[in-house]
Amino acid sequence: KDDIESKTKLLDMKATSHGAFGFLWQGLSEKGFSPYWEVGVITLRKLFMIVVIMLFQDSNKNIQMVVALMGLFVFTILHVNVKPYDAFVHDKLEILSLLVSQVTLFIGLLANFFKEDQNSDKRTMTETEASSLNYTLGMVIALVNLLFVVYFVLNLIFHVYFFMPKSVRTRLNRCCGCFCRRCKRK
């Protein structure tokens, strides 16, 4: 009887902890270091970015961006080697988010180089050309980030579709069958 009570108590504690902290490991593969990915690597990546911002705030912004780019590159390689998520879609989303961050920083670095070039005595562009280039680089950054947000929203819609009650999915199939054809195949 004590054994059953202790197992029941243990299951209650597990359910409570999973309800409170399950978001930290839900969707992660259960092999190797993967269950600790959110707590370990992603938290470390956020901490790394904060440290880079804080330590290099008085330094040249280009140095700050290069160090951040190198760190993101290391975290991307780590992610590609570990593939911590149990769903390919989640791994792809994480890799794309890392790549978008790197592209944003890299284009920002280029923009800074061109801006510094304009402030030097050896200018290679007119003020109008520099302004136009700066605008173009800003639009590329905005476009890359917008494409990622669209990709994220489409994945979110795709995931939400399967959590809907069957009656709602059936109505949705009738209303917009072209959207849900891919879902019907699975």
Side-chain angles (χ1 to χ4, degrees), residues 20-159:
F21 303 109
F23 68 93
L24 291 173
W25 64 82
Q26 192 170 18
L28 293 169
S29 178
E30 294 190 21
K31 62 182 186 318
F33 186 70
S34 295
Y36 309 103
W37 191 259
E38 179 74 32
V39 177
V41 178
I42 292 179
T43 303
L44 185 64
R45 184 174 70 217
K46 291 174 184 177
L47 183 64
F48 170 78
M49 294 303 285
I50 291 169
V51 166
V52 166
I53 291 167
M54 296 306 293
L55 286 180
F56 294 101
Q57 68 184 350
D58 296 329
S59 300
N60 185 338
K61 298 300 177 198
N62 294 338
I63 294 171
Q64 189 178 24
M65 285 192 275
V66 167
V67 171
L69 265 170
M70 290 187 313
L72 283 176
F73 183 72
V74 168
F75 283 111
T76 302
I77 290 172
L78 187 63
H79 183 87
V80 168
N81 286 329
V82 175
K83 293 182 183 165
Y85 295 102
D86 57 3
F88 172 74
V89 173
H90 298 144
D91 273 327
K92 190 174 180 183
L93 196 61
E94 183 72 19
I95 289 171
L96 284 175
S97 75
L98 287 166
L99 291 176
V100 166
S101 298
Q102 289 176 47
V103 166
T104 301
L105 281 171
F106 183 73
I107 294 174
L109 187 62
L110 286 176
N112 265 359
F113 283 141
F114 289 124
K115 182 179 175 186
E116 286 177 6
D117 181 57
Q118 278 304 109
N119 295 335
S120 75
D121 294 337
K122 301 176 184 176
R123 290 181 211 190
T124 56
M125 291 184 274
T126 65
E127 198 170 311
T128 308
E129 290 172 334
S131 177
S132 175
L133 180 64
N134 197 22
Y135 178 78
T136 303
L137 291 175
M139 291 307 292
V140 170
I141 289 173
L143 179 67
V144 167
N145 282 276
L146 179 68
L147 288 173
F148 177 75
V149 168
V150 167
Y151 179 77
F152 173 78
V153 168
L154 289 174
N155 275 293
L156 185 65
I157 291 169
F158 185 74
H159 277 73

**Asked** Is a side-chain N or O of S132 found less than 3.5 angstrom from the main chain of T128, in a donor-acceptor match?
**Response** no
**Request:** Any chance you could lay out the side chain to side chain contact (heavy atoms under 4.5 Å, CB included) test for M139 and T136, step after step, and finish with the verdict?
**Result:** CA-CA 5 Å; M139 291 307 292; T136 303; 5.7 Å; no
**Asked** Counting only heavy atoms not in F148, do more than 12 fall under 6.0 Å of its CZ?
**Response** yes
**Message:** Can you tell me how far apart OG1 (T76) and CG (L96) are? Round to the nearest 0.5 Å.
**Reply:** 10.5 Å
**Asked** Is atom CD of E127 surrounded by more than 12 heavy atoms (other residues, nucleotides or ligands) closer than 6.0 Å?
**Response** no
**Complete:** All heavy atoms of Q64 vs all of I53, minimum pair found to be NE2-CA, 3.2 Å
**Request:** Any chance you could lay out the side chain to side chain contact (heavy atoms under 4.5 Å, CB included) test for F114 and N134, step after step, and finish with the verdict?
**Result:** CA-CA 8 Å; F114 289 124; N134 197 22; over 6 Å; no
**Request:** Report the C-alpha distance between N145 and V149 in whole Å, list the side-chain angles of each, state the deciding distance to 0.1 Å, and finish with yes or no for side chain to side chain contact (heavy atoms under 4.5 Å, CB included).
**Result:** CA-CA 6 Å; N145 282 276; V149 168; 5.6 Å; no
**Item:** For the student: nearest non-hydrogen atoms of T124 and E129, plus distance
**Value:** O-OE1, 4.5 Å
**Item:** Separation between OG1 of T104 and CG of L109, rounded to the nearest 0.5 Å
**Value:** 12.5 Å
**Any N81 side-chain heavy atom under 4.5 Å of I77 side chain** = yes
**Prompt:** Would K92 and F88 satisfy side chain to side chain contact (heavy atoms under 4.5 Å, CB included), going step by step from the backbone distance to the final call?
**Reply:** CA-CA 6 Å; K92 190 174 180 183; F88 172 74; 3.9 Å; yes
**Heavy-atom check, side chain of V52 versus side chain of F48, under 4.5 Å** = yes
**Message:** Testing the basics here: between I141 and G108, what is the closest heavy-atom pair and its distance to 0.1 Å?
**Reply:** CD1-N, 4.0 Å
**Prompt:** With a 4.5 Å heavy-atom cut-off, do Q118 and L133 have their side chains touching?
**Reply:** no
**Prompt:** So how far is it from I42 CD1 to F75 CZ, rounded to the nearest 0.5 Å?
**Reply:** 10.0 Å
**Prompt:** Could you give the distance from CG (L105) to CG (L110), rounded to the nearest 0.5 Å?
**Reply:** 11.5 Å
**I157 CD1 to F152 CZ distance, which is reported to the nearest 0.5 Å** = 10.5 Å
**Item:** Euclidean distance, F113 CZ relative to N62 CG, rounded to 0.5 Å
**Value:** 4.5 Å
**Message:** When you compare the side chains of H90 and N155, does any donor N or O come within less than 3.5 Å of an acceptor on the partner?
**Reply:** no
**Message:** If you define the side chain from C-beta out and look only at heavy atoms, does anything of M70 sit under 4.5 Å from V74?
**Reply:** no
**Request:** Might you point out which heavy atoms bring H79 and E94 nearest each other, and give the distance in Å?
**Result:** CE1-CG, 3.3 Å
**Message:** Please find the pair of heavy atoms, one from L72 and one from R45, that lie closest to each other, and give the distance.
**Reply:** CD2-CD, 4.0 Å
